Amino acid sequence: MTRLPDSFYQRDVLEVAPELLGKRIVHNISKPQQEYMITEVEAYRGEEDLACHASKGRTKRTEIMYHQGGFVYVYLIYGMYWMMNIVTGDKGNPQAVLIRGVKGISGPGRLGKVLQLDKSYYGEHLVTSPRIWLATADDCPDYRVTPRINIDSAGVPWINKPWRYILNNI
DNA sequence: GGCACGATGTGA
DNA sequence: CACATCGTGCCG
């Protein structure tokens with residue numbers, strides 16, 4: 001299993017998101033290093049996507065999404081859960097994939113807890129970081145799609161976009 | 001400076 | 001269904 005290169009992330013989020021299914025999150029903060037198979041993700045695509053944090057424009061919080069793909073975007077929700085996101089696409093085009101679940105762990109909040117995420121992960125470069133990165137897998141994943149979760153306030157058409165990807169036969 | 005609220009999870 | 005708990009955007 002090898003670390004995913006820059007080129008993997010530097011494509012449109014709708015292309016990258018489903019390909020993240022089955023890939024491994026490698027977490028190297030204690031030994032042995034841990035690996036988690038990604039089972040569920042959601043795509044957030046550009047300023048026009050009202051469910052995407054970048055719909056508020058470029059701010060200190062969304063800044064990282066304006067970078068080229070391959071960086072980690074973390075943020076705190078409800079005052080207690082750190083969400084794990086992967087920046088994708090080209091520089092200047094804010095996109096990210098929210099990792100909603102990995103094998104054995106469901107829910108983005110739980111994942112953040114397991115990975116011990118905090119503010120220090122903001123902007124971590126997955127291609128060079130010594131503590132977290134993504135690795136290839138030899139699976140050929142079979143998945144299904146649904147609308148994204150808990151983004152009602154984004155309204156139509158965004159609440160209807162089938163941008164949540166879930167691995168079958170987990 | 002103050003305030004309302006959220007890409008959630010838990011437990012009653 | 002209520003609520004824990006706090007960074008962020010927005011308004012002033």
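What you are looking at is a predicted structure, and each value in this text was computed from that prediction instead of being measured. Throughout, protein chains are lettered first and strands after them, A, B, ... in sequence-line order, and every chain is numbered starting at 1.
Looking at A:Asp12 and A:Arg45, a side-chain N of the basic residue comes within less than 4.0 Å of a carboxylate O on the acidic one, giving a salt bridge. Between A:Lys56 and A:Glu47, none of the side-chain N atoms (NZ, or NE/NH1/NH2) sits under 4.0 Å from a carboxylate O, so this pair counts as no salt bridge. Under a 4.0 Å N-O distance rule, the pair A:Glu42/A:Arg100 qualifies as a salt bridge.
When the C1' atom of B:dG6 is taken as reference, atom NE2 of A:His53 falls 7 Å away, rounded to whole Å. As rounded to whole Å, 11 Å separates atom P of B:dA7 from atom CE of A:Met65. In this entry the distance linking CD1 of A:Ile159 with P of B:dA7 reads 14 Å, nearest Å. Note: CH2 (A:Trp163) to P (B:dA7) measures 16 Å, nearest angstrom. Whole-Å rounding puts the A:Tyr122 OH to C:dG7 C1' distance at 12 Å. If you take OH of A:Tyr75 and C1' of B:dC5, they are 13 Å apart, rounded to a whole angstrom. As rounded to whole Å, 14 Å separates atom C1' of B:dG9 from atom CD1 of A:Ile149. The distance between atom CD1 of A:Ile77 and atom P of B:dA4, rounded to the nearest whole Å, is 18 Å.
For the residue pair A:Ile64 and A:Val72, the shortest heavy atom distance occurs at CG1-O, 3.9 Å.
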Between N or O atoms, less than 3.5 Å apart, protein on one side and nucleotides 10-12 of chain C on the other: list the pairs.
none

Can you check nucleotides 1-5 of chain C for protein contacts, nitrogen or oxygen pairs under 3.5 Å, and list what you find?
from: C:dT5; atom 1: O3'; to: A:Gly79; atom 2: O; distance (Å): 3.4
from: C:dT5; atom 1: O2; to: A:Tyr78; atom 2: O; distance (Å): 2.5

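The stretch residues 85-106 of chain A comes close to DNA chain B through A:Asn85, A:Leu98, A:Arg100, each having a heavy atom under 4.0 Å from the strand.
For A:Lys119, taking side-chain heavy atoms from C-beta onward, the closest of the listed nucleotides B:dG9, B:dA7, C:dG7 is C:dG7. Here the side chain of A:Pro108 is nearest to one of C:dG7, C:dG9, B:dT8, namely B:dT8.
Close to B:dT8, at under 4.0 Å from its OP1 or OP2, lies a side-chain N or O of A:Asn150. Between B:dA7 and A:Arg164, no contact under 4.0 Å exists linking OP1 or OP2 to a side-chain N or O.
Hydrophobic clustering, with ILVMFWY side chains joined whenever heavy atoms are under 4.5 angstrom apart, keeps A:Ile99 apart from A:Val26. In the hydrophobic clustering of ILVMFWY residues, with side-chain heavy atoms under 4.5 Å counting as a link, A:Val127 and A:Trp133 come out apart.
Below 30°, between 30° and 60°, or above 60°: for A:His27 and A:Tyr36 the angle between ring planes is between 30° and 60°, a tilted geometry. Ring geometry for A:Phe71 versus A:His125: interplanar angle under 30°, hence parallel rather than tilted (30 to 60°). A perpendicular orientation is assigned to the rings of A:Tyr73 and A:Tyr122, their planes being inclined by more than 60° (bins at 30° and 60°).
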Could you walk me through whether A:Met37 and A:Lys23 pass side chain to side chain contact (heavy atoms under 4.5 Å, CB included), step by step?
-> CA-CA 6 Å; A:Met37 183 175 79; A:Lys23 297 288 193 298; over 6 Å; no

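Pairing of B:dT10, defined by two Watson-Crick or G-U wobble distances under 3.5 Å, is identified with C:dA2.
Both tests do not hold together for A:Arg3 against A:Phe8: distance to the six-membered ring centre under 6.0 Å, angle to the ring axis within 45°. Both cation-pi conditions hold for A:Arg148 and A:Tyr44: the charged atom is under 6.0 angstrom from the six-membered ring centre and inside a 45 degree cone around its axis.
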